[in-house]
Amino acid sequence: MQERYNFKDIEKKWQERWERDAVYRVEEEPQKEKYYCLEMFPYPSGNLHMGHVRNYSIGDVVARFKKMRGYNVLHPMGWDSFGLPAENAAIKHHIAPMTWTLDNIRNMREQLKAMGLSYDWQREVTTSLPDYYKWTQWLFLQFYKHNLAYKKKAHVNWCPSCATVLANEQVVDGGCERCETPVEKKALEQWYFRITAYAQELLDSLVDLPGWPEKVKTMQENWIGRSEGVEIIFTVEKTGEKIPIYTTRPDTVFGVTYIVLAAEHPMVNKLIDGTSYEKPVKEFVKKVQQLTEIARTSAETEKEGIFTGAYAINPINQERIPIWVTNYVLYEYGTGAVMGVPAHDERDYMFAQKYELPIRFVIRPAEQEIDPEEKQEAYVDDGIMFNSGSFNGLTSAEGRHKIAEYLEEMGAGKVMVNYRLRDWLISRQRYWGAPIPIIYCEKCGVVSVPEQDLPVILPLDVEFRPTGESPLNNIPEFLHTSCPECGGPATRETDTMDTFVCSSWYFLRYADAQNTEEAFSREKVDYWMNVDQYIGGVEHAILHLMYARFFTKALADFGLVGVREPFQNLLTQGMVLKDGFKMSKSKGNVVSPEEIINKYGADTARLFILFAAPPERDLEWSDRGVEGSYRFIQRVWRLIYHYLQDLSEAKDKFVNNGVNSSADKDLRRLLHGTIKRVTEDIELRFNFNTAISAIMELVNGLYHYRSEVEKQNAQLLQETIEKLLILLAPFTPHLSAELWEAVGLKDSVHSQDWPAYDEAALKTEEVEIVIQINGKVRDRLVIPVELGREELEKQALSTEKVQAAISGKEVRKVITVPGKLVNIVVK
RNA sequence: GCCCGAGUGGCGGAAUCGGCAGACGCACAGGACUUAAAAUCCUGGGAGAGUCACAUCUCGUGCCAGUUCAAGUCUGGCCUCGGGCACCA
């Protein structure tokens, strides 16, 4: 054994041995309790970044800990390997996306292995390989069969830079989530998944997820955006055609002074065709549609509109009101038409002022009148109805209910629930994705690719420069096929699937990754699911986590899985920052994990990143801090090294007897206290930082013991060191394995049972009591633990300092907290 | 605007059920070892007053109130920062 820890050789030695002995391979063992520990799989960009290191270090501690706790632990890893970066890199470096991707995977797999992570590599999945995307395609067909996948023409989000459509969720601040280019609207025929069919369940079952952060659940709630309201039907005066509008404030329906249509609303043309309003209105609509998505959806944009010349009848009071077209009503939400109540809505108020439309107050605050001449703004709160016919005097809440009822009775409205959540647009006009397994036949129309013909292979020899059309259109061998139903000439769908489709079910494939007959066997999925602990960045709070939940629910309805929620517990880790900012190439503050591992070893990197902050919080990278972790590892090594040296060369330092001396007892108490703290920190709170600091204290205690105790208790020392190495094993697996072997212990440290602590060892004979006077610490007292309350109070009152402090004063009260303090209240 | 989360030494952070604020680590200072340096080991440390040095006292967890014998922790109101949603009718 060398005096210094040579991490380079030793980490390599253990990684090779673990791989050789396949120690992390796992099978279903029905008699054993399972634990599924999952970290979000990476996009193979080429190199690990610190966010990965943090994510996978956390997951590895959990997986190793649970394994030592006796669980059958599934801990897999794979690659989310379809997507745009491969195409962009390929264009830049003239290399095929498949080659680029596989090279990156190879590189990153080596980097992961160099971290000493306990993955079962037999279960590795790569979403861009046919053995995986075959089943993505198969799942698409199941969605199609169950009417949860459909095609429709719609105004979709288009990123001109990426030359593809984007899902609503991928539009951030009106720009492309990836490149920030302002998103345009394009009318295209696209494939959708009917996620809205599950909107209510996705919302309701959030309460079944107590192991998720509130924050994430709130974000999903907001995203689903449920609102309860009423659809009210207004009638066009001249033609009698119906315009349904949606409102959450039916109590204000007597205050309607106009109605507004979205620019895209089909009624617009019907109202204006052939009238003098036709030309100006069409110009206005054109102008609105030319706005970028940012301008279109920004609350800052000036509200504009134009009168159509037509009038509608308000069903509540038969009033005749003008119909306008505006830029602020969204066609996609509700009915694309809104009633204008300027008195009680800020937007409507601004709009009415600008175009001099009447403002009529119909709700007033309780106990207060509203003077329409005086009031200079909308009153948007609930209140008491007035100017509202027979509904006068009702509260807003009552009014909403009564008006809805009344309108329903007369057939002019119905209660309705609306969601902000839209169906999920999954087609992409790009090359590097799973082809959608659909064939278009001139005679038979839209036809599914028969399951036995899957996978529809993505051709590899392709000119894939973005053109706005799928590059697959330019490959005749791919494009032209025959119809599976009639055998006639047909063409394939050339769009590929959004990569989020691939990542919506990968956690199921891990349960049965090698299956060539099915996506996964029901039996194996039933054994492993749910994921007991999912760990990843909060940036996936909406997209990935919502889609994966949707998939799981749909697959449950198809009878493919037995659970309706995929992830029992979710841990969202914070970002890794440097100098206060997220590490990024453009900021030039990137620290490469590869360099850190080369310089200090994987154990140091893991230890630092777990020690520097609790997992949910952002972590500030510190090179000095890394050195501190490195020093600690060397310190542990030296402790064992000198201990072994003494064992062989200075036997007279040790004695073999029971734990009698106070130093022995202190060490034993420290050991068992540490076991307790570390266990609870990992198991209950995921506070790895405090778990590590507890271990550091134990090491400090061992140093003290070794330097100060003349005759060391050999057995106690041996026990303490063994348990120390076990406690360290999840954090620094290589160091622990090597020292375990060096101490001459059998098997691997990683296959040991997690130690239990001895409650009796935690007990002390004496305890220090704090004595406060009026809440301030004035003295301390060391007393036997079993000392009674009365005796304690007596002693506390009689100490010199207390006597001095209370002399001449009246003792009004004495509060005693056994084992902790005595507070003497004096006046 | 609405909804979350967070503010503690020079820094990262700890205090788990209302009971000694600052564990552990970083940085710093001093000492030991060394020809020397590095490495290592040991010691110290919130701020201020006070003392030759102790002792001792005061203040201190974003701000202002409150509850309590006792508040970083509970309540109310604010401030700042971070995140999410936002023309959703």
Side-chain angles (χ1 to χ4, degrees), chain A residues 3-4 173 213-223 225-227 229 245-249 252 259-260 296-303 326-330 332-341 344-348 350-351 380 418-421 538-539 541-542 574-575 607-608 611-614 616-629 631-632 634-635 638 677 680-681 684-685 687 689-697 699-700 703-704 707 768-778 780 801 804 812-817 819-826:
Chain A
E3 192 171 354
R4 270 182 83 75
D173 292 331
E214 279 311 311
K215 182 181 160 174
V216 172
K217 288 191 279 188
T218 308
M219 282 164 70
Q220 293 216 351
E221 242 175 79
N222 291 341
W223 192 264
R226 183 183 199 272
S227 80
I245 63 95
Y246 174 74
T247 181
T248 54
R249 290 295 304 272
T252 65
I259 67 175
V260 276
R296 193 73 198 273
T297 54
S298 164
E300 255 86 280
T301 304
E302 171 95 24
K303 282 136 200 56
T326 67
N327 62 352
Y328 75 87
V329 172
L330 304 172
E332 299 85 32
Y333 184 76
T335 60
V338 173
M339 64 185 202
V341 187
H344 301 293
D345 181 280
E346 276 169 28
R347 269 176 331 236
D348 294 348
M350 280 195 283
F351 189 78
V380 297
N418 249 306
Y419 302 91
R420 265 176 21 108
L421 184 71
V538 72
E539 66 273 17
I542 295 173
M575 287 186 294
L607 192 71
F608 167 72
F611 178 61
E616 305 228 65
R617 229 189 274 189
D618 285 350
L619 180 153
E620 175 69 30
W621 183 264
S622 153
D623 291 333
R624 299 285 203 176
V626 177
E627 280 171 35
S629 293
R631 265 201 297 272
F632 172 70
Q634 293 290 355
R635 192 167 149 85
R638 268 193 311 275
R677 284 172 68 188
E680 290 175 358
D681 277 347
L684 271 34
R685 292 179 282 275
N687 281 356
N689 54 332
T690 47
I692 293 167
S693 62
I695 298 173
M696 287 172 167
E697 285 178 70
V699 171
N700 291 346
Y703 266 88
H704 274 114
S707 68
E768 191 188 65
I769 301 288
V770 167
I771 304 172
Q772 298 181 331
I773 291 169
N774 290 342
K776 282 181 180 151
V777 183
R778 282 296 121 98
R780 283 149 208 279
K801 282 176 190 168
R812 298 175 68 102
K813 211 191 231 180
V814 178
I815 288 129
T816 306
V817 182
K820 282 205 170 123
L821 60 78
V822 176
N823 189 11
I824 302 160
V825 186
V826 296

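Just so it is clear, the structure is predicted and the values come from calculations on it, not from any experiment. Letters A, B, ... are given to chains in the order of the sequence lines, protein chains preceding strands, and every chain is numbered from 1.
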A.B. asks: Rounded to the nearest angstrom, tell me the gap between atom CG in A:Asp681 and atom P in B:G13.
C.D. replies: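 My rounded result for the distance is 16 Å.
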A.B. asks: Please tell me which of the listed nucleotides, B:G19, B:G25, B:A89, lies nearest to the side chain of A:Thr248?
C.D. replies: B:A89
A.B. asks: Might you work through the ring-ring contact (aromatic ring centres under 6.0 Å, His included) test for A:Tyr328 and A:Phe351, ending with a clear yes or no?
C.D. replies: CA-CA 10 Å; A:Tyr328 75 87; A:Phe351 189 78; 5.5 Å; yes
A.B. asks: Please classify the nucleic acid contact of A:Pro614 as base, sugar-phosphate, or nothing, using heavy-atom distances under 4.0 Å.
C.D. replies: sugar-phosphate
A.B. asks: Looking at A:Arg635, I'd like to know whether one of its side-chain N or O atoms comes within less than 4.0 Å of OP1 or OP2 on B:C41.
C.D. replies: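 Result: yes.
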A.B. asks: Taking atom P in both B:G72 and B:G18, what distance in whole Å separates the two?
C.D. replies: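 Rounded to whole Å, the distance is 13 Å.
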A.B. asks: Closest to the A:Lys776 side chain: B:U58, B:G19, B:C20?
C.D. replies: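 Looking only at side-chain atoms, A:Lys776 lies closest to B:U58.
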A.B. asks: Distance check, C1' atoms only: B:G46 and B:A37, in whole angstrom units.
C.D. replies: 34 Å
A.B. asks: Verify the contact: side-chain N or O of A:Lys215 to OP1 or OP2 of B:G5, cut-off strictly under 4.0 Å; return yes or no.
C.D. replies: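 A:Lys215 to B:G5 OP1/OP2: no side-chain N or O under 4.0 Å.
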A.B. asks: Would you mind telling me which residue lines up with the more 5' stretch of RNA chain B, A:Asp345 or A:Val770, judged by nearest nucleotide?
C.D. replies: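 Nearest nucleotide further toward 5': that of A:Val770.
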A.B. asks: Are side-chain N/O atoms of A:Arg635 and A:Asn700 paired as donor and acceptor at under 3.5 Å?
C.D. replies: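 Yes, A:Asn700 and A:Arg635 have a side-chain donor paired with an acceptor closer than 3.5 Å.
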A.B. asks: For A:Thr247, report the nucleic acid contact type (base, sugar-phosphate, nothing); a contact means any heavy atom under 4.0 Å.
C.D. replies: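 Since only primed, P, OP1 and OP2 atoms lie under 4.0 Å of A:Thr247, the category is sugar-phosphate.
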A.B. asks: Mind checking A:Glu697 for me? I need base, sugar-phosphate or nothing, with any heavy atom below 4.0 Å counting as a touch.
C.D. replies: sugar-phosphate
A.B. asks: Of A:Asn823 and A:Ser693, whose closest RNA chain B nucleotide lies nearer the 5' terminus?
C.D. replies: A:Ser693
A.B. asks: When you check the glycosidic angle of B:C79, does it come out syn, meaning within 90° of 0, or anti?
C.D. replies: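 That one's anti.
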A.B. asks: B:C87 base to A:Lys303 side chain: any donor-acceptor pair below 3.5 Å?
C.D. replies: yes
A.B. asks: Within the pair A:Ser227 and B:A89, is there a side-chain N or O less than 4.0 Å away from OP1 or OP2?
C.D. replies: yes
A.B. asks: Please give the distance between the P atoms of B:C85 and B:C26 as a whole number of Å.
C.D. replies: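 Comparing P positions in B:C85 and B:C26 gives a spacing of 39 Å.
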A.B. asks: Round to a whole Å and report the spacing from CZ of A:Phe351 to P of B:A89.
C.D. replies: 18 Å
A.B. asks: How would you label the contact of A:Arg624 with the nucleic acid (heavy atoms, under 4.0 Å): base, sugar-phosphate, or nothing?
C.D. replies: sugar-phosphate
A.B. asks: Which nucleotide sits closest to the side chain of A:Tyr328: B:C87, B:A14, B:C20?
C.D. replies: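 Closest nucleotide among those given: B:C87.
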A.B. asks: Can you tell me if the side-chain N/O atoms of A:Lys801 get under 4.0 Å from OP1 or OP2 in B:U56?
C.D. replies: yes
A.B. asks: From B:G12, B:C41, B:A89, pick the nucleotide closest to the side chain of A:Tyr246?
C.D. replies: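 So the side chain of A:Tyr246 is nearest to B:A89.
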A.B. asks: Output the single nucleotide from B:C85, B:U43, B:C20 whose closest atom is nearest the side chain of A:Val777.
C.D. replies: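 Closest nucleotide among those given: B:C20.
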A.B. asks: Could you tell me which nucleotide pairs with B:G66 by Watson-Crick or G-U wobble geometry, both distances under 3.5 Å, or answer none if nothing does?
C.D. replies: B:C74
A.B. asks: Which listed nucleotide (B:A15, B:U43, B:A89) is nearest to the side chain of A:Asn687?
C.D. replies: B:A15
A.B. asks: Please determine, for the side chain of A:Ala612, which listed nucleotide (B:G12, B:G25, B:C69) has the closest atom?
C.D. replies: B:G12
A.B. asks: Once you apply a heavy-atom cut-off of 4.0 Å, does A:Asn700 come out as touching a base, just sugar-phosphate, or nothing?
C.D. replies: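 Since only primed, P, OP1 and OP2 atoms lie under 4.0 Å of A:Asn700, the category is sugar-phosphate.
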A.B. asks: If you look at every strand shown and take non-hydrogen atoms under 4.0 Å, does A:Ser629 touch a base, only sugar-phosphate, or nothing?
C.D. replies: nothing
A.B. asks: Between P on B:G18 and CD on A:Gln772, what's the gap in Å once rounded to a whole number?
C.D. replies: 17 Å
A.B. asks: Respond yes when some side-chain nitrogen or oxygen of A:Arg631 is under 4.0 Å from OP1 or OP2 of B:C26, and no when none is.
C.D. replies: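 Answer is yes, contact under 4.0 Å.
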A.B. asks: Given B:G82, is OP1 or OP2 found less than 4.0 Å from the side-chain N or O atoms of A:Arg617?
C.D. replies: no
A.B. asks: State whether A:Arg677 places a side-chain N or O below 4.0 Å from either non-bridging phosphate oxygen (OP1 or OP2) of B:C24.
C.D. replies: no
A.B. asks: Nearest heavy-atom pair of A:Asp348 and A:Met339: which atoms, and what distance?
C.D. replies: OD2-O, 3.7 Å
A.B. asks: By the 4.0 Å heavy-atom rule, please label A:His344 as base, sugar-phosphate, or nothing.
C.D. replies: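 The residue A:His344 makes no contact with any strand.
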A.B. asks: For B:U51 versus B:G12, give the span between their P atoms, rounded off to a whole number of Å.
C.D. replies: 36 Å
A.B. asks: Enter syn or anti for the glycosidic conformation of B:G12, syn applying to angles within 90° of 0.
C.D. replies: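 Nucleotide B:G12 adopts anti.
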A.B. asks: Would you say B:C2 has OP1 or OP2 under 4.0 Å from some side-chain N or O of A:Asn222?
C.D. replies: no
